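Contents: one structure, followed by commentary.
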Amino acid sequence: MDVSEIATENHQTAAVPNDRPTKNVAVLGATGSIGTATVDVLENLHRLDPQFGWRLWAVSGHRNVDCLLDIFNRASAGDWGPRRVVFSDAEAAAECNARERFSTSQQHHEHANTCQLLFGDEALVDVARSPEVDVLVAAIVGRAGLESTIAAIESGKRVGLANKETLVVAGDLVRKKLANSDAKILPVDSEHSAIFQCIANTNAEPKKLILTASGGPFRSATKEQMHEATPKDALAHPTWQMGPKISIDSATMMNKALEIIEARWLFDVPAERIDVAVHPQSIIHSMVEFDDGSVLSQMSPPDMRMPIQYALTYPRRLPCPAPELDLSQPMDLTLLPADLDRFPALKLGFEVAACGGTAGAVVNAANEVAVQLFLDEKIRFTQIVPTCQKVLENHTFESSPTLSRLLELDRWAREEACRCADMDG
Ligand SMILES: NC(=O)c1ccc[n+]([C@@H]2O[C@H](COP(=O)([O-])OP(=O)(O)OC[C@H]3O[C@@H](n4cnc5c(N)ncnc54)[C@H](OP(=O)(O)O)[C@@H]3O)[C@@H](O)[C@H]2O)c1
């Protein structure tokens, strides 16, 4: 829905010629960890890419008005966007519309470069389908990112996919949609970006995809210690700065489970050809083994701006604001086997990846609910994965669900997760 029109000033930048063809990028979930990193990448590309004039055409947030206004002001001041600002939350949109900075900028309404403020989930889908958008960065967290990502795929966009939940919930459907459109998914998840980079220039079929996992804050913790873990303990990730949901997923290793499922659909590889290795330094982002025993890996310091930029510029490689590996100092690169006993989420991930059908949607919804219950201190850390297992067991499996059936099951699984988690007490 259109809330208002906001005028942005048209500043010229001197550093690069302004007659480059434009790449318009929509960043949905711009206020999050991936979203703000994407904005950094775009600002850099806007200034430095000699080939394209990169523009932040649209941004969305849910409730973080301050952050979205900061992005709006930063991009407007540099004349690299935006033309659409979307809040999925109506109250946040109203607050944004009432803010002085917006009414002040309306004084410039006579300028051609106007920016519309929109709200609601439908507005996210409209932006994703917008003919002006060349690339969509799907950085909304959770199942809330599904419809806009699918809309971008249906409209033939390049999609930089951070929202792994899209493939977890509807991987099979997304593959079918990709086969019928010009759309291309470029992975933003560092593990999948690494695999993509390892296989991009070869026709050889990978024998095994090996996802690396930092092990999260409880890599060396006992089951008893995990049982006592508080949200603060679980949010303290040793190597990555991330949003709260994925941070808890990393602590349970449900994040790796979701990535196993994501890899299954993204690379069309069966679950038994996917493996997990623990790598605490988060420098080797994943590996691919080939039939001759050769294993390729991709390495870089743990900074999401590298895989984000590659998803935007692929197949080109340009200087990136992320740090480079410092080889002047000794560096440990440890690889350890994954412990499926202490981290039962991994077993669940392999099981769901092998099942396909409705299993991913159900486990994803149960996990979103259980993570929130843990963050609200209503259940223990060690109840998160068993809650997901119970909801999976309680559902009636279907092998080829439609999107509306998946969404129905998503709603059912959320209620069921509350019930199962309550039963545990
Ligand atoms: N962070 C990482 O390093 C990383 C790495 C790989 C993959 N990923 C994946 O990337 C996605 C985003 O992760 P993140 O860490 O960036 O999360 P985050 O920091 O929590 O940001 C989430 C974003 O989604 C928005 N959002 C929240 N609820 C929403 C809703 N109901 N409808 C629409 N938008 C909503 C938030 O808006 P407000 O902030 O305005 O409320 C924010 O912009 C996740 O799927 C995650 O698994 C993240």
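Counting begins at 1 with the first residue of the sequence. All ligand and atom numbering here is 1-based and tracks the order in the structure. Being a predicted model, the structure only gives us computed values, none of them experimental.
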Only heavy atoms count here, so choose which of [options] is nearest to [atom].
atom                    : options                : value
atom 46 (C) of ligand 1 : Val168, Ile246, Asn163 : Ile246
atom 2 (C) of ligand 1  : Val137, Ile34, Thr38   : Ile34
atom 12 (C) of ligand 1 : Gly35, Ala139, Gly32   : Ala139

Original post:
Do any heavy atoms of Met304 fall under 4.0 Å from ligand 1?
Top reply: yes

Write out the residue and atom name of the closest protein heavy atom to [atom], then the distance separating them to 0.1 Å.
atom                    : result
atom 6 (C) of ligand 1  : Asp189 OD1, 2.8 Å
atom 38 (P) of ligand 1 : Thr31 OG1, 3.2 Å
atom 24 (O) of ligand 1 : Val141 N, 3.3 Å
atom 11 (C) of ligand 1 : Ile140 O, 3.7 Å
atom 47 (O) of ligand 1 : Lys164 CE, 3.1 Å
atom 15 (O) of ligand 1 : Gly243 N, 2.9 Å
atom 45 (O) of ligand 1 : Glu165 OE1, 2.7 Å
atom 29 (C) of ligand 1 : His62 CG, 3.5 Å

**OP:** Report yes if Ser60 has an N/O atom closer than 3.5 Å to an N/O atom of ligand 1; otherwise report no.
**Re:** no

Could you tell me which atoms of ligand 1, counted from 1 in the order shown, lie closer than 4.0 angstrom to a heavy atom of [X]?
X      : value
Ala144 : 30 (C), 31 (N), 32 (N)
Arg63  : 38 (P), 40 (O), 41 (O)
Ser88  : 32 (N), 33 (C), 34 (N)
Pro244 : 20 (O)

Heavy-atom distances under 4.0 Å are what count here, so tell me which part of [X] touches ligand 1: side chain, backbone, both or neither.
X      : answer
Ala162 : both
Lys245 : neither
Ser33  : both

Original post:
Which word best sums up how the rings of Phe374 and Phe381 line up, parallel for under 30°, tilted for 30 to 60°, or perpendicular for over 60°?
Top reply: perpendicular

Original post:
Once the angle between the rings of Phe196 and Tyr314 is folded into 0 to 90°, is it parallel (under 30°), tilted (30 to 60°) or perpendicular (over 60°)?
Top reply: perpendicular

Where the side chain of [X] meets the backbone of [Y], is there a donor-acceptor pair that is under 3.5 Å apart?
X      : Y      : value
Asn24  : Trp57  : no
Thr212 : His285 : yes
His237 : Gln241 : no

Subject >> Beyond-backbone contact of Arg264 with Leu167, side-chain heavy atoms, under 4.5 angstrom >> reply: no

Point-to-point distance, once rounded to the nearest 0.5 Å, from [atom1] of [X] to [atom2] of [Y]:
X      : Y      : atom1 : atom2 : answer
Ile199 : Phe290 : CD1   : CZ    : 7.0 Å
Asn255 : Ile246 : CG    : CD1   : 4.0 Å
Leu340 : Leu346 : CG    : CG    : 5.0 Å

Original post:
Between Gln372 and Arg414, do the side chains contain an N or O donor and an N or O acceptor separated by less than 3.5 Å?
Top reply: no

Original post:
Pairs in or reaching into residues 132-157: which pass ring-ring contact (aromatic ring centres under 6.0 Å, His included), with residues at least two apart or in two chains?
Top reply: none

Original post:
Is the shortest side-chain N to carboxylate O distance from Lys164 to Asp189 below 4.0 Å?
Top reply: yes

